[in-house]
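Have a look at the structure below, then the notes.
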Amino acid sequence: KGLIPIQLEKQQEYDVVIVGAGPAGCAAAYQLAKQNLQIALLEKGTFPRDKICGDALSPDVMNQFQLMDESLANDFRQLVTKKRAYSIHFFAPNHERLDVHYKNPKLHAYVSKRMDFDNFLVEEVRKKSNVHFFENIAVKKVSCSEKEASIETTQGHFKAAIVLGADGAHSVVKSQLIGQKINKKHYSAGLRQYYKNLTPLEEKAGIELHFYQEALPGYLWIFPLPDNQANVGIGMLSEAVSKQEVNLKDLMDELLRTHPKLKERFKEAIPMEKPKGFGLPLGSKKVACSGNRFLLLGDAASLIDPFTGEGIGNAIRSGRVAAEHLEKAFQQKRFDASFNQAYDKEIYRRMWSELRLSRFMQKMLRYPKLFNFIVKKANRNESLRTLITASLEDVDLRQQFKKPSFYFKLLFQ
């Protein structure tokens with residue numbers, strides 16, 4: 001007649017409480033488990049659960065798995081509910097196509113529904129005996145004093161030395177400890193809709209980014225999935241959506257029905273759901289990622305790529321950085337805001353150059369003719385294609401991105 005919900009004790013104490021069991025929270029829990037800490041992982045949903053997303057996994061996701069644990073990377077390679085993407089196809093506003101092929105033989109890009117991908121990570125974390133996983137639990141209040149972090153939930157009261165906010169774009173932890181105000185200049189709106197029977201672009205399907213005039217600054221995407229399915233969506237800078245009074249649902253429908261590059265491919269395609277909306281806090285501006293007895297991870301720390309909208313790789317990376325930081329914190333018994341500033345510095349040391357590049361590329365979308373020129377140039381310039389591939393595969397070439405003159409030398413050489 002139904003399951004009896006587990007009742008928690010009035011108060012439970014842990015070393016670390018992580019709010020949110022998405023990629024950032026699971027990565028942090030997985031790494032922290034190696035330190036023999038007692039960890040509580042709180043999730044408002046019940047797995048497997050859907051997460052509205054583009055579902056694209058950049059090569060950096062596999063890179064992060066390998067840095068965490070080779071066995072984790074191997075387990076992911078065995079996951080059947082994913083499809084390999086061999087390349088990215090850019091379509092410029094003038095419809096010229098640029099194909100960028102992934103070259104690293106060890107790091108592949110994939111597309112996997114978040115219901116499957118996130119559940120894979122949760123199942124890996126469940127294997128850790130010192131990670132206590134609580135589902136269907138909503139956080140009501142978070143507060144931090146000099147002595148402890150306190151988390152009140154629908155299933156009891158938790159206390160810990162520190163709390164990690166890995167609870168996404170609408171983070172409760174961030175909202176209550178810092179404040180949550182959306183800056184439309186650094187935020188995107190997106191829609192996702194699953195389709196089946198879509199005519200593929202080619203046999204070895206790749207990730208498609210369609211930068212059409214009507215959707216700038218933003219793009220329409222088509223990401224291939226197993227079983228002849230595809231994740232189709234559109235994302236656009238929130239500032240532009242407001243100023244231009246854009247209805248994203250209507251715009252996506254019109255492009256799929258009427259655009260010469262899309263209408264024939266979608267003629268026999270069958271939508272599997274109604275379009276679902278979501279928000280993307282972009283990493284185009286540095287924000288506070290920590291404070292007294294708390295750290296923010298992933299989307300809660302606004303670490304989404306401003307150009308592609310991909311945030312899973314950076315979310316996992318932030319979980320790794322958080323675990324490394326907490327190892328020092330527990331050794332020194334320091335969880336104060338001043339000490340946690342080292343976490344912010346390390347996050348941006350590792351990510352800011354690539355986020356800065358993506359912000360530069362995002363700004364180009366305001367100038368369609370410039371974007372057309374760059375696609376044309378890249379089709380004829382091996383160095384520029386190498387740069388784009390590097391930005392996708394997370395290689396050391398990014399160190400040069402800190403110099404604005406680098407872009408202009410490359411474009412006009």
Side-chain angles (χ1 to χ4, degrees), residues 15-37 39-41 57-77 104 106-107 109-110 117-118 120-128 130-131 133 160-168 171 173 283 286-287 289-290 294-305 310-332 335 339-355 393-396 398:
D15 295 308
V16 183
V17 169
I18 304 172
V19 180
C26 282
Y30 190 96
Q31 295 298 88
L32 286 168
K34 300 174 184 178
Q35 301 177 28
N36 295 318
L37 299 170
I39 303 145
L41 180 59
L57 307 174
S58 70
D60 189 45
V61 171
M62 180 58 77
N63 179 45
Q64 295 304 317
F65 284 164
Q66 290 181 169
L67 291 170
M68 288 169 66
D69 193 330
E70 188 60 41
S71 66
L72 177 64
N74 287 333
D75 286 346
F76 177 69
R77 290 187 183 98
N104 192 319
K106 296 182 179 179
L107 303 180
Y110 297 96
F117 180 75
D118 287 13
F120 160 77
L121 284 175
V122 163
E123 290 303 313
E124 294 292 324
V125 169
R126 286 186 196 270
K127 298 174 185 177
K128 308 298 180 183
N130 55 330
V131 178
F133 184 44
I162 192 165
V163 60
L164 307 188
D167 46 341
S171 168
V173 177
K286 290 183 178 181
V287 299
C289 300
S290 68
F294 74 90
L295 308 178
L296 301 177
L297 285 62
D299 292 4
S302 299
L303 297 176
I304 293 175
D305 186 288
E310 199 270 341
I312 297 173
N314 281 348
I316 296 172
R317 196 181 337 185
S318 70
R320 288 181 49 240
V321 175
E324 292 169 7
H325 174 78
L326 289 187
E327 185 172 13
K328 299 172 187 174
F330 278 98
Q331 287 172 353
Q332 300 181 37
F335 307 98
F339 183 83
N340 287 338
Q341 274 294 306
Y343 169 75
D344 296 53
K345 290 179 181 178
E346 187 62 14
I347 284 287
Y348 287 116
R349 185 189 72 80
R350 298 193 192 190
M351 303 186 197
W352 185 241
S353 60
E354 59 199 82
L355 292 173
E393 294 188 326
D394 191 25
V395 297
D396 293 338
R398 286 198 184 99

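Counting heavy-atom neighbours within 6.0 Å of K345 NZ, excluding the residue itself, gives a total of 12 or less.
Counting heavy atoms from C-beta on, the side chains of P59 and Y110 never come closer than 4.5 Å. L164 places none of its side-chain heavy atoms less than 4.5 Å from the side chain of V19. Looking only at side-chain heavy atoms (C-beta outward), Q341 and S290 come within less than 4.5 Å of each other. In this structure, the side chains of L121 and V125 stay at 4.5 Å or more apart for every pair of heavy atoms.
Judged as a ring-ring contact (aromatic ring centres under 6.0 Å, His included), and not counting sequence neighbours, F294 has no contacts. Residues passing the side-chain contact (heavy atoms from CB on, under 4.5 Å) test with E327 are Q35, Q331, sequence neighbours excluded. Looking at residues two or more places apart in sequence or on another chain, you find no side-chain hydrogen bond (donor to acceptor under 3.5 Å, both in side chains) involving D15. Looking at residues two or more places apart in sequence or on another chain, you find a salt bridge (Lys or Arg N to Asp or Glu O under 4.0 Å) between D75 and K127. Applying the ring-ring contact (aromatic ring centres under 6.0 Å, His included) criterion to F120, with sequence neighbours excluded, gives F76. For N74, the side-chain hydrogen bond (donor to acceptor under 3.5 Å, both in side chains) partners two or more places apart in sequence, or in a different chain, are R77. With sequence neighbours left out, S302 forms a side-chain contact (heavy atoms from CB on, under 4.5 Å) with K174, P281, V287. Partners of E346 according to the salt bridge (Lys or Arg N to Asp or Glu O under 4.0 Å) rule, which considers only residues two or more places apart in sequence or in another chain, are R349, R350. Applying the salt bridge (Lys or Arg N to Asp or Glu O under 4.0 Å) rule to E310 yields no partners; only residues at least two apart in sequence or on another chain are considered. Checked against side-chain hydrogen bond (donor to acceptor under 3.5 Å, both in side chains), D118 has the following partners two or more places apart in sequence or in another chain: R49, R114. A24 pairs by the side-chain contact (heavy atoms from CB on, under 4.5 Å) definition with A166, L297, A315, S318, not counting sequence neighbours. Every residue two or more places apart in sequence or in another chain that forms a side-chain hydrogen bond (donor to acceptor under 3.5 Å, both in side chains) with S171 is listed here: D167.
Atom-to-atom distance recorded for I312:CD1 and Q64:CD is 12.5 Å, nearest 0.5 angstrom. Summarising the geometry, atom CD belonging to E354 is positioned 7.5 Å from atom CG belonging to D305; distances are rounded to the nearest 0.5 Å. The CD atom of E124 lies 7.0 Å from the OG atom of S71; values are rounded to the nearest 0.5 Å. Interatomic distance, F339 CZ to Q332 CD, rounded to the nearest 0.5 Å: 4.5 Å. Atom OH of Y30 and atom NZ of K128 lie 4.0 Å apart (nearest 0.5 Å). Atoms CG and CG, on L303 and D299 in that order, are 8.0 Å from each other to the nearest 0.5 Å.
F117 and P23 make their closest contact through CE2-CG, 4.0 Å (heavy atoms, listed as atom of the first residue, atom of the second, distance). Residues A301 and Y348 share a closest heavy-atom pair of O-OH, 4.3 Å. Of all heavy-atom pairs spanning M62 and A73, the tightest one is SD-CB, 3.8 Å. Among all heavy-atom pairs drawn from C26 and V122, the shortest one is SG-CG2, 3.8 Å.
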N314/I304 under side-chain contact (heavy atoms from CB on, under 4.5 Å): CA gap, chis, key distance, verdict: CA-CA 7 Å; N314 281 348; I304 293 175; over 6 Å; no
Would you sort out whether F65 and I316 count as a side-chain contact (heavy atoms from CB on, under 4.5 Å), showing the intermediate values? CA-CA 8 Å; F65 284 164; I316 296 172; 3.8 Å; yes
Worked verdict on L72 versus Q66 for side-chain contact (heavy atoms from CB on, under 4.5 Å): CA-CA 7 Å; L72 177 64; Q66 290 181 169; over 6 Å; no
Going through the distances and angles, do L295 and I162 end up as a side-chain contact (heavy atoms from CB on, under 4.5 Å)? CA-CA 8 Å; L295 308 178; I162 192 165; 4.1 Å; yes
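Side-chain contact, S58 with D60: no donor N or O sits under 3.5 Å from an acceptor N or O.
With N340 contributing its side chain and F335 its backbone, the two residues share a donor-acceptor pair below 3.5 Å. Looking at Y343, its side chain does come within 3.5 Å of a backbone N or O of L296 through a donor-acceptor pair. With N130 contributing its side chain and L37 its backbone, the two residues share a donor-acceptor pair below 3.5 Å.
Remark: K328 does not engage E324 in a salt bridge, criterion side-chain N to carboxylate O under 4.0 Å.
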